[in-house]
Protein chains: 2
Amino acid sequence: MVSQVDRKLITRKALMDGALALVAEGSHYSSLSLREVAKRGGVVPNAFYRHFKDLDELGLALADEFGLLLRLIMRQARLQGLAADSMISDSVNFYVEYVQKEPALFRFMAQSITGGSPAMREAMRNELGHFANEMVTDLNRLGILPNISGTDMNMLGHLAIQTVFGNTTEILDLPENSANMIEAIRERCTKQVRLIFLGASDWDAKSEKQQKLDAKANRKKKKSKTE
Amino acid sequence: MVSQVDRKLITRKALMDGALALVAEGSHYSSLSLREVAKRGGVVPNAFYRHFKDLDELGLALADEFGLLLRLIMRQARLQGLAADSMISDSVNFYVEYVQKEPALFRFMAQSITGGSPAMREAMRNELGHFANEMVTDLNRLGILPNISGTDMNMLGHLAIQTVFGNTTEILDLPENSANMIEAIRERCTKQVRLIFLGASDWDAKSEKQQKLDAKANRKKKKSKTE
DNA sequence: ACAATGAGTGTACAACTGTACACACTAAGA
DNA sequence: TCTTAGTGTGTACAGTTGTACACTCATTGT
């Protein structure tokens, strides 16, 4: 005895979970069939149309769900109140933990950034971009790296999240019970992010000067090439 | 009047190019059908089996071709003899140029790292890893960053190439004739790599000490969590 | 209490899929 | 020169695909 709107929400969720399950089992989202997904959701193929017009539309709904997960992760991380001396390794650990906790959604995300429909790719890029922006906001609020300009801070944020997210597939591809491998990835990733922030702390007026010099040399070279 | 082995090689190439063409037009490799690929290669479906057992096998052949392209890029970059003062921006420009020159292969690569079969993913990771190793060898030969240990140098190489390759999909998704957007990506990517190397130049004994401190704090936190 | 809304079902069909089999035709080797 | 090997073709078939149409039946709002 469930209300009609609940029933609808339940089936909708079942379809989304069905698609995710298939992805988690190794299929690529863009090679799924509507019938497969419907069957996995415990529903007849035609019922699919009561919820989504397309598999593309379902994909965008999954992208939304992934965005929600990201927001949840951010909130959790903030609540935990990371200590300054271990902020980077804590964040990386946090991320790795969530990838293992929600492998299907992260696998889907990884697939979609490079392989989804154009709309899908944009949606995923937006989610990650939002995540990076939030991180930059936090860094500013905490007064970390105060000497860096706004655009450079943005660049830094994107670099950091791109680096962390770049390890996703590798984590997911590990066989189960290989905690030592996970540990290795975690350490390498922490090192990488730490190196990035070390670079950022030197990314001040001095390096700006160097940058301009380099840019000039670059333009010169380009010019001589076209001649 | 072509020899039999030539004919075979020609058709094989046609099949591979057909698959790449479909990928370049927006399909995901893992959603291609054998018949589609055969038609695009100008051959009847059954003829496919004379060259590949599977679409997977064709995919691995394409991964090989991508590896060849990477080696070509490396050789070209070395021949050009990059100047020390603009080495980073030159390398990035070089990469961006090749992505635009071979969009299909790079699109295929981007798709395959996160979305191919397990064998495919591993093949692509190996190709990129080899590329990173070559880069590290060059850095060592040129005496750049002599104070960094072997494993850290490896980490650095992987970070650098992951950063550059991370821009691939974004470049490929730009509409044609948007040179200014390309320029923006090129600049951002150059900045990122420069920041990474800036961080690496400080990645010495001093930062190693800081790293150990952080690791200790991390262990402490973990312990208290499990209690 | 009753009509209506709408989630889920069953049947149907044309298009497409991978692949098995028998065949043609041409280059290679005797 | 004649046989052989091997690339490419044509036909065939069973399974899967997306989706249209007509339907049941429970939950809703009156």
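Given the structure is predicted, the values throughout are model-derived calculations rather than measurements. Just so it is clear: chains get the letters A, B, ... in the order the sequence lines come, proteins before strands, and each one is counted from 1.
When rounded to the nearest whole Å, the span between CG of B:D56 and P of C:dG18 equals 12 Å. When the C1' atom of C:dT9 is taken as reference, atom CZ of A:R7 falls 14 Å away, rounded to whole Å. One can place CZ of B:R12 at 15 Å from C1' of D:dT7, the figure rounded to the nearest angstrom. Regarding B:D6, its CG atom lies at a distance of 9 Å from the P atom of C:dA28, rounded to whole Å. Rounded to an integer number of Å, the gap from B:K39 NZ to C:dA15 C1' is 11 Å. A straight line from CG of A:L32 to C1' of D:dT17 spans 13 Å, rounded to a whole angstrom. One can place OH of B:Y49 at 15 Å from P of D:dT9, the figure rounded to the nearest angstrom. A straight line from CG of B:L34 to C1' of C:dG18 spans 7 Å, rounded to a whole angstrom.
Under the 4.5 Å side-chain criterion, counting only non-hydrogen atoms from C-beta, A:N133 is in contact with A:H158.
When each of D:dT7, D:dT9, C:dG8 is scored by its nearest atom to the side-chain atoms of B:A47, the top-ranked nucleotide is D:dT9. Here the nucleotide nearest the side chain of B:Q4, chosen from D:dT19, D:dA20, D:dG6, is D:dG6. Looking at the side chain of B:H51, the nearest of the listed nucleotides C:dA20, D:dG8, C:dT19 is D:dG8. Each of D:dG18, D:dA12, C:dG8 was ranked by its minimum atom distance to the side chain of B:R35; first place goes to D:dA12. Proximity note for A:V44 (side chain, C-beta onward) versus D:dT28, C:dT19, C:dG10: the nearest is C:dG10.
Among the candidates B:E65, B:R107, B:E25, the single residue satisfying the side-chain contact (heavy atoms from CB on, under 4.5 Å) test with B:L20 is B:E65.
For B:T11, no side-chain nitrogen or oxygen approaches OP1 or OP2 of D:dT7 to under 4.0 Å. Regarding contacts with the backbone of D:dT16, every side-chain N or O of A:S33 stays at 4.0 angstrom or more from both OP1 and OP2.
Of the two residues near DNA chain C, A:K8 and B:K53, the one whose nearest nucleotide lies more 5' is A:K8. Checking B:P45 against A:R50, the closest nucleotide of DNA chain C that is more toward the 5' end is the one next to A:R50.
Within 6.0 Å of the CD atom in A:E122, the count of heavy atoms belonging to other residues, nucleotides or ligands does not exceed 12.
Side-chain atoms of B:E127 never come within 3.5 Å of backbone atoms of B:D64 as a donor-acceptor pair (strictly under, hydrogens ignored).
B:F48 meets the ring-ring contact (aromatic ring centres under 6.0 Å, His included) test with B:F52; sequence neighbours excluded.
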